[in-house]
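First the proteins, then the strands, lettered A, B, ... as listed; each starts at 1.
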Amino acid sequence: MRVKEKIKVSIEGREFEVERGTPLGEIFKEAGVKDALGGKIGDRIIDLQTPVMEGGEIKPVRKSDPESLEILRHSLAHIMAQALKELYGTEKVHLGVGPTTEEGFYYDVEVEGHRITEEDLPKIEEKMREIIKRDYPILRKELEREEAIKLFEKLKEKYKIEIINRIPPEEVISVYEQGDFIDLCKGPHLPSTGKAGAFKLTSISGAYWMGRADQPQLTRIYGMAFWSDKELRQRLRFYEEAKKRDHRKLGRELEFFLIDENVGAGLVLWLPRGSVYRRVLEDYWKEEHIKRGYEFVYTPHVGKSKLWEISGHLECYKPNMFPAMEMEGEEYYVKPMNCPFHIAIYKSKVRSYKELPIKLAELGTVYRYEMSGVLHGLMRVRGFTQDDAHIICTPEQVDDVIRDTLDLALSMLKDFGFEDFKIYISTKPEDAIGSEEQWEVSENALKKAVEDLGYTYEIDEGGGAFYGPKIDVKIRDAIGRLWQCSTIQFDFNLPERFDMTYVGPDNKKHRPYMIHRALLGSIERFTGILLEHYAGLLPVWLSPTQVRIVPIADRHVDYGRKVLEVLQREGFRADIDERDERMNAKIREAELMKIPFVLVVGDREAESGTVSVRSKKEGNLGSMTIEEFVKLLKEKIERKE
RNA sequence: GCUGGCGUAGCUCAGUCGGCAGAGCGCGGGAUUUGUAAUCCCGUGGUCGCGGGUUCAAGUCCCGCCGCCAGCUCCA
């Protein structure tokens with residue numbers, strides 16, 4: 001079968017000529033590479049049994065390389081599948097897919113006649129350990145398509161057959177066998193089950209077959225896996241720690257917000273302390289937008305059905321909208337987006353090319369009926385405020401507008417202390433509207449803007465909306481999940497639907513470009529991420545209470561009030577704790593509320609006109625004059641520390 | 001919406017086999033006047049998420065709904 005063709009491979013700087021199709025393990029043996037579990041060719045990791053079909057660089061993957069975890073986790077997924085089959089019967093367990101994740105693996109399975117719950121996990125783990133102890137060799141085999149289908153039909157693996165039917169004809173079909181368990185798999189795998197490392201089955205959930213809601217739902221069993229127990233325990237501890245910085249917990253503790261069951265799921269009540277922070281955030285946002293030539297507008301929360309008909313929302317977005325309200329024979333909808341209102345403002349008069357770009361901005365509160373299962377604290381809610389704006393410009397202005405918008409987005413994110421974000425550009429999907437030219441101009445503007453500003457991006461090919469391409473900026477939460485914040489989207493649809501025009505130098509009507517953008521995303525989600533990012537200890541400029549004054553005894557209250565007066569005159573958000581409590585208790589409370597500065601005042605301070613400064617971040621800073629403290633605080637706020 | 005889990009005081013949680021609803025914090029009152037993360041005493045607090053069922057008896061068992069949590073799908 002094999003053609004005796006020679007290929008050249010290079011391993012750790014040395015060149016070898018081998019027969020095409022030689023298993024990697026044999027190549028390594030010849031090259032004297034020891035301890036490798038597999039190799040990396042380009043982006044693909046293969047194991048020792050996999051034949052090498054093409055020449056080029058092969059990087060050995062050893063236990064010490066992070067890539068080796070991929071091999072470990074793949075094999076553990078198989079070991080788990082084998083354990084399930086042994087526990088619940090080979091023909092009762094139907095396997096879906098079992099890939100690796102960032103820190104482990106999962107397998108989607110269907111078990112006939114048994115509902116797997118978390119209580120089953122220890123039992124499954126135990127069986128897995130048994131299989132590991134048996135140390136089965138893991139053998140790779142390549143099968144003809146017909147053979148493979150026959151095999152998996154015999155095994156009653158209906159999902160595997162579906163997968164085989166989707167494998168392109170030119171690709172080889174491989175299976176891996178360990179003991180009496182055999183599974184369709186590309187690999188890579190360990191040489192034997194005994195080589196597996198530390199693992200723990202962590203959770204269970206439902207997952208649609210093929211990721212499609214119209215397909216059956218399988219049970220997804222998640223596992224975490226590392227080579228050593230130590231790493232595994234570290235990772236588990238990280239999650240314990242992360243729980244403490246969950247914004248839902250912090251939001252309650254710091255009295256930022258509340259979601260009340262009787263108000264409704266996904267509807268946020270902002271408490272006084274959270275509202276102070278929010279006002280600071282919004283003021284900052286407005287300042288930054290004024291600097292960049294935005295004009296602010298206010299628009300209503302409901303609009304007539306006619307508006308949503310023209311915009312197309314009733315056609316495409318209705319399942320996500322709160323249902324209609326009827327008044328005097330007219331239907332109204334609560335707005336899921338601000339665009340139609342901003343467009344109505346644009347259209348209120350004839351626009352000349354001389355006034356473009358027009359940038360209409362609004363902290364616009366919208367309502368979307370999100371499915372109940374997706375709601376998540378402030379991150380995913382049903383009523384939220386977008387830091388929205390629509391930019392209407394000429395084709396010639398597109399490049400500048402996009403660069404300026406992205407620059408504003410990233411400079412704001414930096415002011416909030418975010419450095420670790422990912423930028424995605426989504427391009428034209430299959431069923432897109434708009435001309436080739438529009439798509440080209442827009443996609444180029446997006447890419448150019450990112451490049452000009454010196455960032456890298458990932459392309460989500462075909463991931464754009466049908467009405468235009470976009471840039472998304474995503475930020476991580478406490479446990480590493482990415483959330484979309486900034487979004488800059490072209491829209492070729494609404495200008496057509498609303499017949500938006502401007503008069504050009506040729507005195508003719510032209511169709512403008514419209515860009516829809518939200519830079520923080522929504523105030524709610526942004527706040528959630530911010531709280532997690534800082535574990536609740538917000539930078540001083542955003543902190544609801546910046547300074548708390550703690551008089552040691554009643555007789556120090558007067559002096560404390562004098563200090564308070566100075567601070568408030570300087571524009572700081574300060575208060576004084578006059579309760580009949582011990583100083584220690586007051587300090588503790590201030591610490592728990594994560595107030596950045598506590599000023600302790602007693603006899604010594606009152607006499608010398610000083611304050612004793614305690615910083616949440618740096619501890620006791622000792623005494624200084626009030627003026628010195630004012631200066632210190634002003635600097636911190638100025639630098640947005 | 002789907003799969004699995006959970007819902008007891010404002011918060012964190014205990015409540016055994018179906019047999020009188022508990023603790024700490026908080027909150028109210030009093031004492032105390034304190035030097036960098038909890039002073040002491042007394043008091044207050046409940047439609048056990050909501051509705052139905054089984055039972056002599058339900059926080060506990062069963063069913064439906066609501067909400068929350070982890071994912072899936074979707075998304076700012």
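- Spacing of C1' atoms, B/A37 relative to B/G43, comes out at 27 Å, to the nearest Å.
- Base engagement by A/Glu605 is indicated by at least one non-hydrogen atom pair under 4.0 Å involving a base atom.
- The side chain of A/Tyr208 approaches B/C72 more closely than any other nucleotide in the set B/C72, B/U34, B/A37.
- Taking the six-membered ring for Trp and thresholds of 30 and 60 degrees, A/Phe492 and A/Phe490 have ring planes inclined between 30 and 60 degrees apart.
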Give me the distances for all protein-to-nucleotides 39-44 of chain B N/O pairs that come in under 3.5 Å?
from: B/U39; atom 1: OP2; to: A/Arg582; atom 2: NH1; distance (Å): 3.2
from: B/U39; atom 1: O4'; to: A/Arg582; atom 2: NH1; distance (Å): 3.2

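- Not counting sequence neighbours, A/His94 has no partner by the ring-ring contact (aromatic ring centres under 6.0 Å, His included) test.
- Stem regions annotated for RNA chain B: B:1-7 with B:66-72, B:10-13 with B:22-25, B:26-31 with B:39-44, B:49-53 with B:61-65, counting only runs of 3 or more consecutive pairs of Watson-Crick or G-U type with both contacts under 3.5 Å.
- Aromatic stacking is marked for A/Phe384 over B/A76, as both cut-offs hold: 5.5 Å for the centres and 30° for the planes.
- Counting non-hydrogen atoms of other residues, nucleotides and ligands closer than 6.0 Å to NZ of A/Lys127 gives a total above 12.
- The salt bridge (charged side-chain N to carboxylate O under 4.0 Å, His left out) check on A/Lys158 picks up A/Glu110, with sequence neighbours excluded.
- Heavy-atom contacts from other residues, nucleotides or ligands closer than 6.0 Å to CD of A/Gln234 number more than 12.
- Applying the salt bridge (charged side-chain N to carboxylate O under 4.0 Å, His left out) rule to A/Arg573 yields no partners; only residues at least two apart in sequence or on another chain are considered.
- The side chain to side chain contact (heavy atoms under 4.5 Å, CB included) check on A/Asp120 picks up A/Tyr88, A/His114, A/Ile116, A/Thr117, A/Lys123, A/Ile124, with sequence neighbours excluded.
- For A/Phe199, there are no ring-ring contact (aromatic ring centres under 6.0 Å, His included) partners, not counting sequence neighbours.
- The aromatic rings of A/Tyr159 and A/Trp209 sit tilted relative to each other, their planes meeting at an angle between 30° and 60°.
- Residues from residues 587-598 of chain A lying near RNA chain B, meaning a heavy-atom separation below 4.0 Å, are A/Ile587, A/Arg588, A/Glu591, A/Leu592 in numerical order.
- Salt bridge status for A/Arg380 with A/Glu524: absent, with no side-chain N to carboxylate O gap under 4.0 Å.
- Here, B/C65 and B/G28 have their C1' atoms 38 Å apart, quoted to the whole Å.
- A straight line from CG of A/Leu121 to P of B/G5 spans 11 Å, rounded to a whole angstrom.
- The side-chain hydrogen bond (donor to acceptor under 3.5 Å, both in side chains) contacts involving residues 255-276 of chain A comprise A/Arg273-A/Thr545, where partners must be two or more places apart or lie in separate chains.
- Within the structure, side-chain hydrogen bond (donor to acceptor under 3.5 Å, both in side chains) pairs that include any residue of residues 457-471 of chain A comprise A/Lys422-A/Glu458, A/Thr427-A/Glu461, A/Glu451-A/Tyr457, A/Tyr467-A/Gln489, A/Lys470-A/Asp472 (at least two apart or interchain).
- The shortest distance between the side-chain N/O atoms of A/Gln484 and the OP1/OP2 oxygens of B/C75 is not below 4.0 Å.
- Using a distance-only test at 3.5 Å, with no hydrogens or angles considered, a donor-acceptor pair links the side chain of A/His247 to the main chain of A/Leu378.
- A distance of 4.5 Å separates CZ in A/Arg292 from CG in A/Asp407, rounded to the nearest 0.5 Å.
- Taking atom C1' on both nucleotides, B/C75 is separated from B/G4 by 23 Å, rounded to a whole Å.
- Put simply, the side chain of A/Arg380 and the base of B/C74 share a donor and an acceptor less than 3.5 Å apart.
- Here A/Phe418 and A/Phe526 bring their ring centres to under 6.0 angstrom of each other.
- Comparing B/A76 with B/C17, their P atoms sit 50 Å apart, to the nearest whole Å.
- For the C1' atoms, the distance from B/A38 to B/G26 is 13 Å, rounded to whole Å.
- For A/Arg555 and B/U34, the shortest distance from a side-chain N or O to OP1 or OP2 is below 4.0 Å.
- Straight-line distance between the P atoms of B/G53 and B/G59: roughly 15 Å, to the nearest whole Å.
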Between protein and nucleic acid, restricted to nucleotides 65-69 of chain B and to nitrogen or oxygen atoms under 3.5 Å apart, what atom pairs and distances do you find?
from: B/C69; atom 1: OP1; to: A/Arg248; atom 2: NH1; distance (Å): 2.9
from: B/C69; atom 1: O3'; to: A/Arg248; atom 2: NH1; distance (Å): 3.4

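- Rounded to a whole angstrom, the distance from the P atom of B/G18 to that of B/A57 is 16 Å.
- Annotation for A/Lys616: atom NZ counts as buried by contact number, over 12 foreign heavy atoms lying within 6.0 Å.
- Heavy atoms of A/Lys249 sit nowhere under 4.0 angstrom from any nucleic acid atom.
- Using a 30° and 60° split on the angle between ring planes, A/Trp308 and A/His313 fall in the perpendicular class, above 60°.
- Within residues 515-531 of chain A, the residues having any heavy atom under 4.0 Å from RNA chain B are, by residue number, A/Gly521, A/Ser522, A/Arg525.
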